[in-house]
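Read through the structure below, which is laid out as structure tokens, and then see the notes.
These numbers come from a predicted model, not from an experiment. Values below: every heavy atom of this structure, side chains too, minus hydrogens, waters and symmetry copies. Counting starts at 1 for both ligands and their atoms, following the listed order.
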Amino acid sequence: MSVNSSPAVDSFARPINYFRISLTDQCNLRCHYCTPRPLSDKLPLRELLSYEELLKVLRVAVDLGVRKVRLTGGEPLLRSDVEKLIGRLLQIPGLRDVRLTTNGTLLAEKAGSLYRAGVRKVNVSLDSLRPERFREITGVDLLDRVWRGIEQTLNLGFERIKLNMVVMRGVNDDELTDFAELSRKLPIQVRFIEFMPIGADTGWGPELYLPAHEIMRKLAVAGPLEPVEAENLDGPARIYRQPGSLGTLGFISPISEHFCARCNRLRLTAQGRLRSCLLNDLETDLKAVVRGEGGEAGIRQALLETIRNKPERHRLLETPGLNCHGRMSRIGG
Ligand code: SAM
């Protein structure tokens, strides 16, 4: 298969070159807003696409123009031998960039093998720097372990480490400056993400939602924020720096100032469903195609149709509660 230089483009002229893959719906944390407790309906292994099946899909996707892949979940590091998958993905001609989003609990032990497999960019999700609060949010007492994982990625020299904090009013918004302070001392990007109304039973409420501009205003009180130019394929964050910092700050505003016009993403859920918008439940059963008779041509057609039908933008605010019943851990955050 040749590497096609013209990327897949959707009906609104957006090139689609970024594929996010949820490797598993399982997670070892129980963040109340993400993974409802108890999680009694975990997917059986046969429902997940095997690594061979994922590679088949990714070869076609890269041929269509995908240049960046993010492995997420659930917790992607719970999937066994994830390093082997990464090594093989990076052998696909045209794919140089495989990233990972993780809760960081297994990073201390896995960072070395991930680095050797070729990962250079990781996002670690962390909503509190206070052990007691971390336990309240996640249900486990593992802040130390997450922190050791972050230190390990820094020691190994990962090129890009982002720390993602979902900001919830009255829950963790009193830690904004503590998080920002990390970007002064460490070469990481601390990103503040608006809490999104995803999933029917995950507790989102307008009283918890803090818009990005308010987060920025609170931080600006502590000192000026200088804008930093984003790099190609860098995603939707607006990036700033506090003068004299080793790292940067990112602000992600899917609700208050959506970035749909620049969206370059396609997603594959843990159940093997293709999804062109995080916040819209329109899905195509790609697993049926992969396990059916259609071969590469069938996969190609499913990818192109999903790209063509990608909605212009999310409609979360016009029709709250209607668009996204899917659970984040399955869709892949
Ligand atoms: N287990 C991995 C992790 O913790 O990063 C990957 C999956 S997790 C679903 C990915 C990200 O989605 C996490 O940063 C989580 O905080 C975020 N997330 C989940 N639900 C969210 C929501 N309603 N609004 C904003 N971010 C959310």
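Residue K56 places its NZ atom among 12 or fewer non-hydrogen atoms of other residues, nucleotides or ligands, all under 6.0 Å distant.
Here the protein heavy atom with the shortest distance to atom 8 (S) of ligand 1 is G73 O, 4.3 Å. Counting only heavy atoms of the protein, atom 10 (C) of ligand 1 lies nearest to G333 CA, 3.7 Å. Ranking the protein heavy atoms by distance from atom 12 (O) of ligand 1 puts M328 CE, 3.6 Å first. The protein atom (non-hydrogen) at minimum distance from atom 26 (N) of ligand 1 is V166 CG2, 3.4 Å. Remark: minimum distance from atom 24 (N) of ligand 1 to any protein heavy atom is reached at M196 N, 2.9 Å.
For the residue pair S256 and E194, a side-chain donor N or O sits within less than 3.5 Å of a side-chain acceptor on the partner. Y33 and D127 share a donor-acceptor pair across their side chains, judged by distance under 3.5 Å alone. Counted by atom type alone, N28 and E75 present zero donor-acceptor pairs between their side chains at under 3.5 Å. In this structure, a donor-acceptor pair under 3.5 Å is present between the side chains of T248 and Q189.
Contact atoms of ligand 1 toward G74: 1 (N), 2 (C), 6 (C), 7 (C) (distance under 4.0 Å to a heavy atom of the residue). Atom numbering of ligand 1 starts at 1 in the shown order; those under 4.0 Å from a heavy atom of T102 are 2 (C), 3 (C), 4 (O), 5 (O). The atoms of ligand 1 that sit less than 4.0 Å from any heavy atom of T101 are 2 (C), 5 (O), 6 (C). Counting atoms of ligand 1 from 1 in the listed order, those under 4.0 Å from a heavy atom of F195 are 22 (C), 23 (N), 24 (N). Listed by number with element, the atoms of ligand 1 under 4.0 angstrom from any heavy atom of T72 are 6 (C), 7 (C). Each of the atoms 3 (C), 4 (O), 5 (O), 13 (C), 14 (O) of ligand 1 lies under 4.0 Å from some heavy atom of S125.
Less than 6.0 angstrom separates the ring centroid of F192 from the ring centroid of F251.
Classification of R169 and D173 as a salt-bridged pair fails, no side-chain N sitting under 4.0 Å from a carboxylate O.
Under a 4.0 Å heavy-atom criterion, Y33 is in contact with ligand 1.
R267 forms no cation-pi arrangement with F19, by the criterion of a distance under 6.0 Å to the ring centre and an angle within 45° of the ring axis.
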